[in-house]
Protein chains: 2
Amino acid sequence: MKIDPNSSADLSAQIAQAIRDAIVDGKLIVDERLPSEAEMADQFNVSRPTVREALKRLAAQSLIRTQRGATGGAFVNRLSFPDAYAQQITTSTLLLSMNAVSFDTACEARYALERACAPLSAQRRTADHLATMRAEIHRQQQPGLTDEAFCDSDVAFHRALVDGAQNPVLSYQLAGAVEGMQPLMNMITFTARSRNQIVSLHTAIADALERRDAPAVDDTLKELSGYTQSLARDVMAKRAR
Amino acid sequence: MKIDPNSSADLSAQIAQAIRDAIVDGKLIVDERLPSEAEMADQFNVSRPTVREALKRLAAQSLIRTQRGATGGAFVNRLSFPDAYAQQITTSTLLLSMNAVSFDTACEARYALERACAPLSAQRRTADHLATMRAEIHRQQQPGLTDEAFCDSDVAFHRALVDGAQNPVLSYQLAGAVEGMQPLMNMITFTARSRNQIVSLHTAIADALERRDAPAVDDTLKELSGYTQSLARDVMAKRAR
DNA sequence: ACTTTTCTATTTGTCAGACATTTAAAAGTC
DNA sequence: GACTTTTAAATGTCTGACAAATAGAAAAGT
């Protein structure tokens, strides 16, 4: 691991990259302890604050964790699924909110990916997944529900659908697609009528999953996708006035 | 934005989280300048190195960028698609390599998502996308190609397929699924015969895309998925001996 | 001999102050 | 007016120090 003091990049960025590469390439394995900050400062010929800035960069990506005390130090962290979920969601949310991505584009991507999970979910979903979906459908019918709470429940419903595929990698990927879109979905005002429509589509999806009827799930998801986009278009049109 | 000096969390982590929240909630908008490090140190009642560690955390997530000089400082960064790609790939790669995810699970997720893009790509792919795919197929037929170079070309081929859908959000999501699997794919030894088989499937995909024949693309992808899994199973079996 | 307490060394977390470097704008010069 | 020099502000880096946490060794007590 070498560092170039004359490079245009910051020293802390270079050091972070060197360690990151070592982790990705498997030269540093999970739970392995890195040298102490003082030792690294020596090795890289920089000061301790510079090493610390590099370590904080890695900590922000959940690549390392640190522990104080006698046997403490920085350790290569096993990137857990929950950590990866969280990062995926933050990144996706910001990407959508900062880049003038049209609702249609985001919606198309989301439903395309979700429909990819549907056949697997129809095949493998457990009674638990179905129960979660039914419970969320019930919640969506509560009268006093705010738009935000309705969206939250919507996310939980779709998450259960995706989790039904019993493939953690799929669930991880979809977390970004489904939850990252929430701020965009929150912009939609759900009238009583549109809520009823969505609830009936959700019910159709749950029914089809119960029958393990993959084509029916797919058709209904397609319909839901189209309906969501039409709702969004209405909102845009109203806002234009 | 408030900080609790008695919290168990590091001060720099708290400060980073406070700023991150402000960005996600839209209280800080793109290209807005944050106060100088000295000012923030005052505001949060911490030292400048602590503020700097917080800023480095945010920089690691591409949430801010810094500029030196008179009018310099830290600015809220527009998270670009390339930046998001890079993060997505790193996270996915590490997630797969650190969590004993079976090849089948990863492969299933990857092809499920890729097949979701196929119909859109059949509809919208340009001549450019096709040309890229043909070029990669040609490269895959070179005799002296290493397994790694073959995998690289494979990734480029599939990336062109996904990009054909002309939906940047899809491309972003698929980047993790396709490129994150590369270390796993690199474990497979491609014999001359298996390469021929893969090339012929790639050719069939390109042909079907040229005809805009979505069902044929889907069928061939399904076949390719099955073939890849059978190759992996062979490798595992050989390694077991 | 065993348990409990105290001490100690190590390591990260934080602070203060200083200097180097970069950069844009203001001031000066022709 | 165009060019050069100066200046001020900001980040980047270094040094040295102390605080706090923590595990293990040493000491004390039973």
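Residue numbers begin at 1 in each chain, while the letters A, B, ... track the order of the sequences. Hydrogens, waters and symmetry mates play no part in the numbers below; they use all other heavy atoms, side chains included.
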With sequence neighbours left out, write down each residue that passes side-chain contact (heavy atoms from CB on, under 4.5 Å) with B/Ala59, or none if nothing qualifies.
A/Arg57, B/Ile64

Using a 4.0 Å cut-off to any heavy atom of chain A, which nucleotides of DNA chain D are the first and last in contact, reading 5' to 3'?
D/dG12 to D/dA23

With B for base contact, S for sugar-phosphate-only contact and - for none (protein heavy atoms under 4.0 Å), nucleotides 12-23 of chain C reads BBBB--B--BBB

B/Glu37: partners by salt bridge (charged side-chain N to carboxylate O under 4.0 Å, His left out), with sequence neighbours left out:
B/Arg48, B/Arg52

Who passes side-chain contact (heavy atoms from CB on, under 4.5 Å) against B/Pro49, sequence neighbours left out?
B/Ser47

Check side-chain contact (heavy atoms from CB on, under 4.5 Å) between A/Asp83 and all other residues, then give those that pass, not counting sequence neighbours.
A/Ser62, A/Asn77, A/Leu79, A/Ser80

All pairs passing side chain to side chain donor-acceptor pair (under 3.5 Å) where residues 92-101 of chain B contributes a residue, at least two apart
A/Tyr172-B/Ser92

Name all residues meeting the salt bridge (charged side-chain N to carboxylate O under 4.0 Å, His left out) criterion together with A/Asp42; count only those two or more places apart in sequence or in a different chain, and write none if there are none.
none

Taking salt bridge (charged side-chain N to carboxylate O under 4.0 Å, His left out) as the test, write out the residues that go with B/Arg134, two or more places apart.
B/Asp207, B/Glu210

